[in-house]
Number of protein chains: 2
Amino acid sequence: MARRTPSNYLEIKAYVRDKIESGAWQAGDLIPSEHELVRKFGVARMTVNRALRELTGEQLLMRVQGTGTFVADRRSQSTLIEIRSIHEEIAGRGHRHTSEVVLLGRSTDPQALRVLGLDNDGFAFQSQIVHFENDIPVQFEDRFVHPALFPDYLQQDFNATTPSDYMTRRAPIRRVQYSITARKATAQVRKLLRMEAGEPCMVLHRCTWSGRHAATSVFLWYAGGRLQLTGEF
Amino acid sequence: MARRTPSNYLEIKAYVRDKIESGAWQAGDLIPSEHELVRKFGVARMTVNRALRELTGEQLLMRVQGTGTFVADRRSQSTLIEIRSIHEEIAGRGHRHTSEVVLLGRSTDPQALRVLGLDNDGFAFQSQIVHFENDIPVQFEDRFVHPALFPDYLQQDFNATTPSDYMTRRAPIRRVQYSITARKATAQVRKLLRMEAGEPCMVLHRCTWSGRHAATSVFLWYAGGRLQLTGEF
DNA sequence: CAGTGGTCTAGACCACTGT
DNA sequence: CAGTGGTCTAGACCACTGC
């Protein structure tokens, strides 16, 4: 045989995927049983089973014990965008990631206090960090954290470790909320990210919850043209 | 035996998960080999293999052939943002969604032709639609489609159905690529979305692939302050 | 009842890594 | 080289479904 065999189960997966993508098998259709595919491909049932099981995990198939395997309904049209940590994003491109701490201290910003569930007499910890990709500033990270949940926040060395790394080690996160908006850069952001006047920013706001109150509230400012968030599936 | 057995591979998954969650096995640690787990649980290697393979798919483990299985670095978990269709997004807020077709015809835009894999003598179909939320314009949709894959595109009534709905009924999509950037609004976009001069836009670019070439290329322009993409998990 | 998928076994061969 | 994971086989028993 001259043919290159990329493992049998992958070949079966490709076969089924192709039938679905080409429209030969429509959503809701009953597809051949494991036994039939075993005969067709001349493999063991475990091999067919693995292929179909993985495709079920990928939401392309639906299986009902005792009945058969069906083409899954078109996926709900919602699409997912992946947001990787800034470090991974940059390292993934093979570039060098560095950061510079602009501010690390206490804040009484009323909006931040409200989000973190602190009353107006309290305070939050705040850090401001600029992230560089090959020495070009690409992200400004403005972070507020709950002082009760992260009492030693101000003692961290955020030139060595990123706040995200610290926080994921420190506290379990229950819920995360995001929003992405486009905004004009503030004067501070424009200066730190070395942007032209009027150049737009993308702002990712991320709130993490740990129980009843928000644990952190972060604003990530990206210079519009210098960084793209991308996804694929 | 009184114990309820929830299938062996699930038991092994639970065992490994517990070791990781309890901290007994730290990120980066080498965990017992398949062979050792086979001896410990008295099962076949395929059973252990399935458990570890699935945990690898769940990003809890990392496997290196010839070396071993390691506890994955939890920091590498990426976050996902969900982008729903404009209609769902608006309907989900209990608001009224309407749209207005601005343009429907042929285009020889060189960039679009290149993306769709058409040569410079060819043409693409183009549609431009403004989407309204309670009569406020919130999104400008600028779409290029491959005429061979959607020959009757120009005959559609996009006041009644959205292009996304049409396309998902028409052709199976296998690969999707996204990027989000912030941009200054063009004069046309500023007018259609009734924006102030200098107000920023968020531009979501989505390319769908169906086999070898791109099937569609869409630019979704959002007025910065009027729409947020949000996600949660 | 026969047919389906869910799981499992006890072997096997291979590709890869470290020494 | 011995040890690892990646894949596969040819059976098997079971739970479930529809008739």
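Just so we're clear, the structure is a prediction, and the values are computed from it rather than from any experiment. Order of the sequence lines sets the chain letters (A, B, ...), proteins ahead of strands, with each chain counted from 1.
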Completion exercise
In numerical order, the residues of residues 39-52 of chain A whose heavy atoms come under 4.0 Å of DNA chain C are A:Arg45, A:Met46, A:Asn49

Practice task
Determine the interplanar angle of the A:His205 and A:Phe219 rings, folded into 0 to 90°, and report it as parallel if under 30°, tilted if 30 to 60°, perpendicular if over 60°.
Solution key: parallel

Problem - Whole angstrom value for the distance that separates P of C:dA10 from CG of B:Leu37 - result: 17 Å

Handout entry: Ring centroid separation B:Tyr15 to B:Phe41 under 6.0 Å
Key = yes

Practice task
Provide, to the nearest angstrom, the distance between the CG atom belonging to A:Leu30 and the P atom belonging to C:dG5.
Solution key: 8 Å

Handout entry: N or O in side chain of B:Tyr9 less than 4.0 angstrom from C:dT7 OP1/OP2
Key = yes

Practice task
Mind running side-chain contact (heavy atoms from CB on, under 4.5 Å) on A:Tyr153 and A:Ser127 for me, showing each step along the way?
Solution key: CA-CA 9 Å; A:Tyr153 189 71; A:Ser127 62; 2.8 Å; yes

Problem - Distance in Å, A:Phe132 CZ paired with A:Ser99 OG, rounded so as to fall on 0.5 Å steps - result: 8.5 Å

Problem - Any donor-acceptor N/O pair, B:Ser22 side chain to B:Asp18 backbone, under 3.5 Å - result: yes

Fill in the blank from the handout: A correct dot-bracket answer for DNA chain C, with pairs being Watson-Crick or G-U at under 3.5 Å, [ ] for crossing pairs and | for inter-strand pairs, is ||||||||||||||||.|.

Problem - Pair B:Glu54 + B:Arg50, salt bridge at N-O below 4.0 Å - result: yes

Exercise for the section: Measure the distance from NZ on A:Lys13 to P on D:dC8 and round it to the nearest whole Å. Expected result: 12 Å

Problem - Sequence-distant partners of B:Arg114, salt bridge (charged side-chain N to carboxylate O under 4.0 Å, His left out), two or more places apart - result: none

Fill in the blank from the handout: Across all chains, not counting sequence neighbours, the salt bridge (charged side-chain N to carboxylate O under 4.0 Å, His left out) partners of B:Glu58 are B:Lys13, B:Arg17

Problem - B:Asp109 vs B:Gln126, side-chain contact (heavy atoms from CB on, under 4.5 Å): CA-CA, chis, key distance, verdict - result: CA-CA 9 Å; B:Asp109 178 89; B:Gln126 182 182 14; 5.9 Å; no

Practice task
Go through the structure and list residues passing salt bridge (charged side-chain N to carboxylate O under 4.0 Å, His left out) with B:Arg45, not counting sequence neighbours.
Solution key: B:Glu34

Quick test: give all pairs of protein nitrogen or oxygen and nucleotides 1-4 of chain C nitrogen or oxygen below 3.5 Å, distance rounded to 0.1 Å.
{"unit_1": "C:dG3", "atom_1": "N2", "unit_2": "A:Gly66", "atom_2": "O", "d": "3.0"}
{"unit_1": "C:dT4", "atom_1": "OP1", "unit_2": "A:Ser33", "atom_2": "OG", "d": "3.4"}
{"unit_1": "C:dT4", "atom_1": "O2", "unit_2": "A:Gly66", "atom_2": "N", "d": "3.1"}

Handout entry: Rounded distance (Å) that lies between atom P of C:dG6 and atom CE of A:Met62
Key = 11 Å

Problem - 4.5 Å side-chain heavy-atom contact, B:Trp221 and B:Arg183 - result: yes

